[in-house]
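Here the structure is laid out as C-alpha cells; the discussion comes afterwards.
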Amino acid sequence: MDGKKIVWLTALAGVLALVCAAQNGAKAQHSPTGAPTAAGIFEGRGDIGTVLHAGSVEYDEAKRSYTIAGSGENVWFGNDAFQFAWKKVSGDVTLTADVSFLGKGVNEHRKAVLMIRQSLDADSPYADAALHGNGLTSLQYREEKGAATHEIQANISAPARLRIEKRGAYFSMWLADASGEFRPAGGSTRIALKEPFYVGIGVCSHDKDVVEKAVFSNVDLKAAEPAAAAATTLYSTLEIITVASTDRRAIYVAPERFEAPNWMPDGKTLLLNRNGRIEKIPVTGGTPQIIDTGFATRCNNDHGISPDGTQLVISDNSQEEHQSRVYIVPIGGGTPRRITQKSPSYWHGWSPDGKTLAFVGERNGDFDIYAIPAAGGEETQLTIAKGLDDGPEYSPDGKYIYFNSERTGHMQIWRMRADGSEQEQITFGEDNDWFPHLSPDGQQMVFVTFDPSVKGHPENKDVMLRMMTLKDKKVTVLAKLFGGQGTMNVPSWSPDGKRFAFVSYQLVSKANAGK
C-alpha cells in the first residue's frame with residue numbers, strides 16, 4: 001500500500017471516530033483503560049450509562065474541591081446515567097464530603113452522590129448517599145446487577161456534609177448536624193460486592209437535556225477498621241417501609257436500644273418500648289413521649305393496641321418475681337389492670353372483636369399459646385406440641401391465629417383455628433421464621449427470618465423481613481438488615497395496609513462516631 005493511501009485511510013478513520021463520538025454522546029467508560037485521569041484522590045472519571053451531554057470534573061488543588069458537571073436521566077430503576085469520578089479500592093471504607101449544588105437547577109430531583117459500586121456498568125450493583133436538589137437525602141441501593149433501585153430516606157433534609165460507609169456487606173449513610181457531628185442517618189442495607197470495587201463522587205441532572213453542577217469539598221476517603229464489639233455504640237432506627245416499592249424511611253434514630261413498634265389506628269402515631277417504658281412518636285418523626293403506665297415500669301417488647309383504639313395492652317416484669325405478666329391500661333395512660341395471673345406471660349394478639357387476648361406462657365417448662373378474656377378470667381391452652389410456640393396473632397376476620405413454632409425442628413410459621421384446632425404449617429424451608437403479622441385485609445403476612453444457624457430470636461443478627469401473599473403462598477424479601485429481637489415482635493401494619501413499621505440496628509464504632 002502506498003503512502004498516500006495510508007495517510008488517507010488514517011484520516012478517514014479519525015473522521016469516523018469523531019462522527020461516532022458525536023452520535024453516541026459521552027458514553028460510559030466501563031473500564032479504567034483509557035479513562036481520563038481525575039485529579040486529587042480519584043484515579044479516573046467518566047459518564048456512566050448513556051447521556052446526551054458529556055460531563056466533566058474540575059479539581060481545585062488549593063481548595064481541595066471537585067466541581068462535577070453531569071447530565072443523565074437518573075440514578076434509579078435498573079440503569080444509571082451520570083458523571084462519576086472514581087477510585088478502585090478493596091476492604092471496608094468511608095467516603096465523606098461537603099456537598100452543595102451550583103445554581104437553582106432545573107429538576108428538584110437532581111442528585112449529587114457519594115457512591116460505592118461494583119463496576120462502571122450502567123446497571124451495576126451499588127449503594128450511595130444521595131443529596132437531591134430539593135434537600136431529600138437518602139441511602140440508595142441496587143442489590144444485584146440490573147435490579148431495581150431502592151432507598152432509605154433520612155429524616156434530615158439538605159445536610160451540608162455526608163458520608164457513606166461500607167463495613168463488610170453493610171452500607172450506611174451518615175449525616176452531620178449543625179455542630180458538624182456525624183450520626184447514622186437511618187437504617188443500613190446488606191449488599192454483596194466483590195473486591196475490588198469503585199468508590200467516588202458523581203452528579204446526575206435528572207433531565208437528559210440538562211447539565212447540572214455540584215461542588216464536593218473536604219473529600220475524605222479512608223479505610224474503615226472493622227469495629228470490635230467491645231468498642232461500639234448501638235444505634236436503633238425506627239423505620240417505615242412501603243410494601244409496594246420496598247422503599248424505607250427513617251423516622252427516628254437514637255444511640256440506644258428501643259424496640260417493637262405498633263401503629264395507632266388513627267394512622268398518625270407509632271408506639272415503641274425503651275428502658276421499660278412505652279413511648280409514642282408521630283409517624284412523621286419528632287421526639288418520643290412516655291405514656292404513663294403506672295407501676296408498670298419494666299415493660300418489654302410485647303405490647304399492642306385494642307381494635308377500637310381505646311386500650312393499650314402491655315407485658316411487664318416489674319412486679320413480684322419480676323416475671324412478665326399481661327396488663328391493660330387506657331390508651332392515654334393510667335393504672336394497669338392485671339389480666340394474666342400466672343407468669344411468665346407475653347401478649348401478642350388481640351381478637352378483632354376486642355374480647356380475647358392471645359399470649360405466650362411458660363407453664364411447667366413448656367412455652368405454649370394461650371387465650372384469655374380481655375376482661376380477665378381463666379386462660380385456655382391452645383397448643384400442646386413439644387418445642388417453643390410463640391408470636392400468636394389473630395387474622396383480621398378472627399377465624400385464625402397465626403404463630404411460629406419449632407415443632408418441626410426449626411422455627412416456621414403455622415396457623416390454627418381460634419379455638420386451637422386444625423393446626424397447619426404455613427412456611428417451609430431451612431431458615432427460621434418468626435412473628436407473623438397479617439395485613440389489615442388479611443391478604444399478606446410479613447415476618448422476620450433468621451438464618452438456619454440461629455437459635456431463638458436474639459438481637460444483633462443478620463435478618464430479613466419477608467412477606468407471603470397468602471393466596472398463592474409466594475414469598476418475597478422486603479429488606480435485609482441488622483436486627484432480630486426488637487425488630488418486629490408485635491403488630492405494626494399501618495391501618496391502610498400500605499406500610500408497616502420496624503426497628504433496625506447498627507453497631508457503630510466509638511472511634512468513628514461523631515467525627
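When reading the values below, keep in mind they use all heavy atoms of this one structure, side chains included, and skip hydrogens, waters and symmetry mates.
- Taking every heavy atom of both residues into account, Ala154 and Leu175 meet most closely at CB-CD1, 3.9 Å.
- In this structure, the separation between OG on Ser205 and CD on Gln83 is 11.5 Å, given to the nearest 0.5 Å.
- In terms of modelled atom types and a separation under 3.5 Å, the side chain of Lys473 and the main chain of Leu470 share a donor-acceptor contact.
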| message | Would Phe435 and His457 count as a ring-ring contact (aromatic ring centres under 6.0 Å, His included) here? Give the steps. | response | CA-CA 10 Å; Phe435 303 131; His457 56 100; 5.0 Å; yes
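- Here the side chain of Ser245 pairs a donor or acceptor atom with the backbone of Asp247 at under 3.5 angstrom.
- A cation-pi contact links Arg163 to Phe182, judged by a cut-off of 6.0 Å to the six-membered ring centre and 45° from its axis.
- Arg45 forms no cation-pi arrangement with Phe84, by the criterion of a distance under 6.0 Å to the ring centre and an angle within 45° of the ring axis.
- Using cut-offs of 30° and 60° on the angle between ring planes, the pair Phe450 and Trp434 is perpendicular.
- Under the 4.0 Å criterion applied to side-chain N and carboxylate O atoms, Arg142 and Glu144 are not assigned as salt-bridge partners.
- Contact annotation: the side chain of Ile201 never approaches that of Trp86 to less than 4.5 Å [non-hydrogen atoms, C-beta and beyond].
- His109 and His132 have perpendicular rings, their planes meeting at more than 60° on a 0 to 90° scale where under 30° would count as parallel.
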| Does the pair Asp462 and Tyr170 meet the rule for a side-chain hydrogen bond (donor to acceptor under 3.5 Å, both in side chains), with working shown? | CA-CA 10 Å; Asp462 294 341; Tyr170 279 98; 2.5 Å; yes
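- Contact between Ala224 and Thr94 at its shortest, heavy atoms only, is CB-CG2, 3.8 Å.
- The pair Lys208-Glu73 fails the salt-bridge criterion, with no side-chain N (NZ, NE, NH1 or NH2) lying under 4.0 Å from an Asp/Glu carboxylate O.
- Taking every heavy atom of both residues into account, Gly186 and Ala250 meet most closely at CA-CB, 3.7 Å.
- In this structure a side-chain-to-backbone donor-acceptor pair under 3.5 Å is present from His303 to Ala260.
- Taking the six-membered ring for Trp and the full ring otherwise, the centers of Phe42 and Tyr66 sit less than 6.0 Å from each other.
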| request: Decide yes or no on side-chain contact (heavy atoms from CB on, under 4.5 Å) for Tyr126 and Asp80, but give the supporting numbers first. | output: CA-CA 10 Å; Tyr126 78 91; Asp80 306 322; 3.8 Å; yes
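- Inspection of the Arg117 and Tyr198 side chains reveals no N or O donor paired with an N or O acceptor under 3.5 Å.
- With hydrogens and angles left out, the side-chain atoms of Gln485 and Lys461 include no donor and acceptor closer than 3.5 Å.
- Ion pair Arg274/Glu256 flagged as a salt bridge, since at least one NZ, NE, NH1 or NH2 atom sits closer than 4.0 Å to an Asp/Glu carboxylate oxygen.
- Applying the 6.0 Å contact sphere to NZ of Lys268 captures no more than 12 heavy atoms from other residues, nucleotides or ligands.
- One finds the OG1 atom of Thr269 at 7.0 Å from the NZ atom of Lys280 (value rounded to the nearest 0.5 Å).
- More than 12 heavy atoms of other residues, nucleotides or ligands sit less than 6.0 Å from atom CZ of Phe428.
- Annotation: side chain of Arg248 is not in contact with side chain of Ile240 (no heavy-atom distance under 4.5 Å).
- Looking only at distances, no side-chain donor or acceptor of Asp123 sits under 3.5 Å from a matching main-chain atom of Ala147.
- Note that CD1 of Ile152 and CG of Asn155 are 12.5 Å apart. Values are rounded to the nearest 0.5 Å.
- Once rounded to the nearest 0.5 Å, the distance linking NZ of Lys213 with OG of Ser56 reads 6.0 Å.
- Arg499 is listed as a side-chain neighbour of Trp263, based on a closest heavy-atom distance under 4.5 Å.
- Residue Glu195 qualifies as enclosed at atom CD: its count of foreign heavy atoms under 6.0 Å is above 12.
- At least one donor-acceptor pair closer than 3.5 Å links the side chain of Asp177 to the backbone N or O of Glu181.
- Asp92 places a side-chain N or O within 3.5 Å of a backbone atom of Gly168 that can act as its donor or acceptor partner.
- For Ser138 (side chain) and Gln153 (main-chain N/O), no donor-acceptor pair under 3.5 Å exists by modelled atom type.
- Looking at Gln444 and Trp493, their side chains come closer than 4.5 Å, going by heavy atoms from C-beta outward.
- When all heavy atoms of Gly202 and Phe82 are compared, the closest pair comes out as CA-CD1, 4.2 Å.
- The shortest side-chain heavy-atom distance between Thr449 and Val463 does not fall under the 4.5 Å cut-off.
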| task | For side-chain contact (heavy atoms from CB on, under 4.5 Å), just list the numbers for Leu162 and Thr137, CA-CA rounded to whole Å, side-chain angles, deciding distance to a tenth of an Å, and then say yes or no. | result | CA-CA 9 Å; Leu162 297 82; Thr137 310; 3.9 Å; yes
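- For the pair Gln506/Leu234, no side-chain contact is recorded, criterion being any heavy-atom separation below 4.5 Å from C-beta on.
- The shortest non-hydrogen separation linking Ile48 to Leu120 is CD1-O, 3.5 Å.
- Salt-bridge check for Asp433 with Arg466: passed, with a basic side-chain N closer than 4.0 Å to an acidic carboxylate O.
- Considering all non-hydrogen atoms of both residues, Leu221 and Leu95 come closest at CB-CD1, 3.9 Å.
- The closest side-chain donor-acceptor pair between His348 and Glu393, if any, does not fall under 3.5 angstrom.
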| Where do Met468 and Lys474 land on the side-chain contact (heavy atoms from CB on, under 4.5 Å) test, with the steps shown first? | CA-CA 5 Å; Met468 173 182 283; Lys474 182 180 179 181; over 6 Å; no
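- Checked by atom type and distance alone, the side chain of Asp47 never pairs as donor or acceptor with a backbone atom of Ala54 at under 3.5 Å.
- Using a 4.0 Å cut-off between a side-chain N of Lys or Arg and a carboxylate O of Asp or Glu, Asp121 and Lys145 qualify as a salt bridge.
- The 12-atom threshold is exceeded at NZ of Lys166, counting heavy atoms of other residues, nucleotides or ligands nearer than 6.0 Å.
- Distance alone, capped at 3.5 Å, is enough to place a donor-acceptor pair between the Ser124 side chain and the Ser119 backbone.
- Under the 6.0 Å distance and 45° angle rule, Arg257 counts as a cation-pi partner of Tyr505.
- Ring geometry for Tyr141 versus His150: interplanar angle of 30 to 60°, hence tilted.
- Salt bridge status for Glu212 with Arg110: present, with a side-chain N to carboxylate O gap under 4.0 Å.
- Under a 3.5 Å cut-off, the side chain of Gln412 and the backbone N or O of Asp431 do form a donor-acceptor pair.
- To the nearest 0.5 Å, atom CD1 of residue Ile281 and atom CG of residue Leu271 are 11.0 Å apart.
- In summary, the side chains of Glu239 and Ser504 do present a donor paired with an acceptor at a separation below 3.5 Å, with no hydrogens or angles considered.
- When side chains are defined from C-beta on, Ile116 counts as touching Phe171, because their heavy atoms get closer than 4.5 Å.
- Thr242 OG1 to Phe500 CZ: the interatomic distance, rounded to the nearest 0.5 Å, is 9.5 Å.
- Donor-acceptor pairing under 3.5 Å is lacking for the side chains of His410 and Asn432.
- At a threshold of 4.5 Å between non-hydrogen side-chain atoms, the residues Asp209 and Val106 do not count as touching.
- A side-chain donor from one of Asp98 and Asn218 sits under 3.5 Å from a side-chain acceptor of the other.
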